[in-house]
Amino acid sequence: MKAVIFDLDGVITDTAELHYQAWKNLADSLKIHFDYKLNEELKGIGRMDSLNRILNFGGKTDQYTEIEKIALTEQKNTEYVALLDQLSPKSIYPGIKEFLDTLRNQNLKIGLASASKNGPKILELLEITDYFDTIVDPVSVKMGKPAPDIFLKAAEQLEVHSSKCIGIEDSEAGIHSIKTAGMFAIGVGTEKVMKAAGADLVICDTKNLHWDQIINTVNHQ
Ligand code: B16
Ligand code: MG
């Protein structure tokens, strides 16, 4: 293995609650019911696709023009970005910093494959930008997760063949993306959900990310 490619939201830090608050306020203003279950389904899904799912859920798909929908996503993002200011290095999930150090010591390349356009800002707030050899701009890929595009682009930017990459994800869409890209997939979450999505190795908590165990599992596949 030569590279590890990370998802951001839900793997490196918990922004799901902040996305929830910003989407909830927007949905309330549109008189659409929004709850944690729907928020869960938006994990790994890009901004416009997320809005379309919310409008679809509220039966309002045809009520807005494309220009109005862009304005709605901007409204949500302005609120979300303001909420991001509460992030600091303390917001990094347990074990992630140590894992990044291990990867560096093993001379592995490190990439970010997040659907979030706010990825670089979040890495800055967490003060871990320097660990990353590459960050994929989600705008530069044609299809979002579950398509493999964003993980393939990360591998391309790292100049590593996808079969030599490990991807780490917390969403089902993300695991599909990694597997379709031909990579080894680590799922962060419950065994049942992550295995069903196709993860090769499941960890319930980021503090259980141990390189020796991972490489052992890769070698015994
Ligand atoms: P933004 P990931 C995803 O990030 C989030 O899981 C998803 O909920 C969000 O809608 C998407 O990023 C876009 O984020 O609005 O900040 O561009 O899990 O792929 O790191
Ligand atoms: Mg995620």
Side-chain angles (χ1 to χ4, degrees), residues 4-27 34-57 69-87 91-93 96 110-126 128-129 132 134-141 143-154 167-178 180-181 185-190 193-194 197 199 202-203 205-206 209:
V4 176
I5 302 169
F6 288 79
D7 171 45
L8 175 58
D9 296 314
V11 169
I12 293 176
T13 191
D14 180 14
T15 44
E17 177 61 27
L18 309 181
H19 277 297
Y20 170 79
Q21 288 175 30
W23 281 128
K24 170 87 178 130
N25 286 345
L26 183 79
F34 187 79
D35 56 20
Y36 282 104
K37 188 170 173 282
L38 184 50
N39 193 55
E40 199 61 29
E41 289 172 26
L42 305 182
K43 283 188 176 173
I45 306 296
R47 209 177 291 172
M48 185 54 85
D49 283 348
S50 297
L51 176 69
N52 281 328
R53 286 189 190 208
I54 293 168
L55 292 178
N56 190 33
F57 182 77
K69 287 203 279 185
I70 290 169
L72 290 174
T73 57
E74 283 170 358
Q75 185 184 327
K76 180 265 174 179
N77 190 55
T78 303
E79 195 166 332
Y80 175 66
V81 169
L83 292 168
L84 287 178
D85 279 340
Q86 56 191 269
L87 293 182
S91 318
I92 302 171
Y93 273 147
I96 290 291
I110 302 174
L112 189 79
S114 168
S116 175
K117 293 178 191 163
N118 295 299
K121 180 184 168 74
I122 296 171
L123 292 187
E124 282 296 324
L125 287 162
L126 301 178
I128 52 173
T129 305
F132 288 82
T134 200
I135 297 171
V136 178
D137 178 357
V139 177
S140 72
V141 295
M143 308 265 284
K145 300 167 189 178
D149 304 27
I150 195 161
F151 279 93
L152 287 174
K153 185 85 180 178
I168 311 182
E169 264 285 353
D170 70 311
S171 70
E172 292 173 70
I175 295 291
H176 288 301
S177 180
I178 296 171
T180 322
I186 300 178
V188 181
T190 60
V193 174
M194 288 292 126
V202 181
I203 52 157
D205 195 300
T206 50
L209 277 169

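Remember, it's 1-based here, ligands and their atoms both numbered in the order they're listed. These numbers were taken from a predicted model, which means no experiment stands behind them.
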TODO: Inspect the contact between K145 and D7 and indicate whether a charged nitrogen and a carboxylate oxygen are less than 4.0 angstrom apart.
DONE: yes
Open item on the list: With a 4.5 Å cut-off on side-chain heavy atoms, are V193 and V202 touching?
Closed with: no
- [ ] Would you please name every residue forming a side-chain hydrogen bond (donor to acceptor under 3.5 Å, both in side chains) with K43, sequence neighbours left out?
- [x] E40
Open item on the list: To check you understand the geometry: which heavy-atom pair defines the closest contact between G174 and E169, and what is its length?
Closed with: CA-CD, 3.2 Å
TODO: Could you name all protein N, O or S atoms found under 2.8 Å from the Mg ion (ligand 2)?
DONE: D7 OD2, D9 O, D170 OD1
TODO: Measure centre to centre between the rings of Y20 and F34, then say whether the value is under 6.0 Å.
DONE: yes
Task: Steps toward side chain to side chain donor-acceptor pair (under 3.5 Å) verdict (Y36, E17) - done: CA-CA 9 Å; Y36 282 104; E17 177 61 27; 3.1 Å; yes
Table of N or O contacts for ligand 1, cutoff 3.5 Å:
unit_1: ligand 1; atom_1: 4 (O); unit_2: D9; atom_2: OD2; d: 2.7
unit_1: ligand 1; atom_1: 6 (O); unit_2: G44; atom_2: N; d: 2.8
unit_1: ligand 1; atom_1: 8 (O); unit_2: L42; atom_2: O; d: 3.2
unit_1: ligand 1; atom_1: 10 (O); unit_2: I45; atom_2: O; d: 2.7
unit_1: ligand 1; atom_1: 12 (O); unit_2: S116; atom_2: N; d: 3.4
unit_1: ligand 1; atom_1: 15 (O); unit_2: R47; atom_2: NE; d: 2.8
unit_1: ligand 1; atom_1: 16 (O); unit_2: S116; atom_2: OG; d: 2.7
unit_1: ligand 1; atom_1: 16 (O); unit_2: N118; atom_2: ND2; d: 2.7
unit_1: ligand 1; atom_1: 17 (O); unit_2: R47; atom_2: NE; d: 3.4
unit_1: ligand 1; atom_1: 17 (O); unit_2: R47; atom_2: NH2; d: 3.0
unit_1: ligand 1; atom_1: 17 (O); unit_2: K117; atom_2: N; d: 2.7
unit_1: ligand 1; atom_1: 18 (O); unit_2: D7; atom_2: OD1; d: 2.9
unit_1: ligand 1; atom_1: 18 (O); unit_2: D7; atom_2: OD2; d: 3.3
unit_1: ligand 1; atom_1: 18 (O); unit_2: D9; atom_2: O; d: 3.3
unit_1: ligand 1; atom_1: 19 (O); unit_2: D7; atom_2: OD1; d: 2.9
unit_1: ligand 1; atom_1: 19 (O); unit_2: A115; atom_2: N; d: 2.8
unit_1: ligand 1; atom_1: 19 (O); unit_2: K145; atom_2: NZ; d: 2.8
unit_1: ligand 1; atom_1: 20 (O); unit_2: D7; atom_2: OD1; d: 2.7
unit_1: ligand 1; atom_1: 20 (O); unit_2: L8; atom_2: N; d: 3.2
unit_1: ligand 1; atom_1: 20 (O); unit_2: D9; atom_2: N; d: 2.9
unit_1: ligand 1; atom_1: 20 (O); unit_2: S114; atom_2: OG; d: 2.7

- [ ] Indicate the ring-plane relationship of H19 and Y80, choosing parallel, tilted or perpendicular according to the 30° and 60° boundaries.
- [x] parallel
Scan the side chains in residues 47-55 for donor-acceptor partners under 3.5 Å anywhere in the protein, sequence neighbours excluded, and list what turns up.
unit_1: R47; atom_1: NH2; unit_2: N77; atom_2: OD1; d: 3.4
unit_1: S50; atom_1: OG; unit_2: I45; atom_2: O; d: 3.2
unit_1: S50; atom_1: OG; unit_2: G46; atom_2: O; d: 2.7
unit_1: N52; atom_1: OD1; unit_2: K69; atom_2: NZ; d: 2.8
unit_1: N52; atom_1: ND2; unit_2: M48; atom_2: O; d: 3.4
unit_1: R53; atom_1: NH1; unit_2: E41; atom_2: O; d: 3.4

Open item on the list: Side chains of L209 and I96, heavy atoms from C-beta outward: is any pair under 4.5 Å?
Closed with: yes
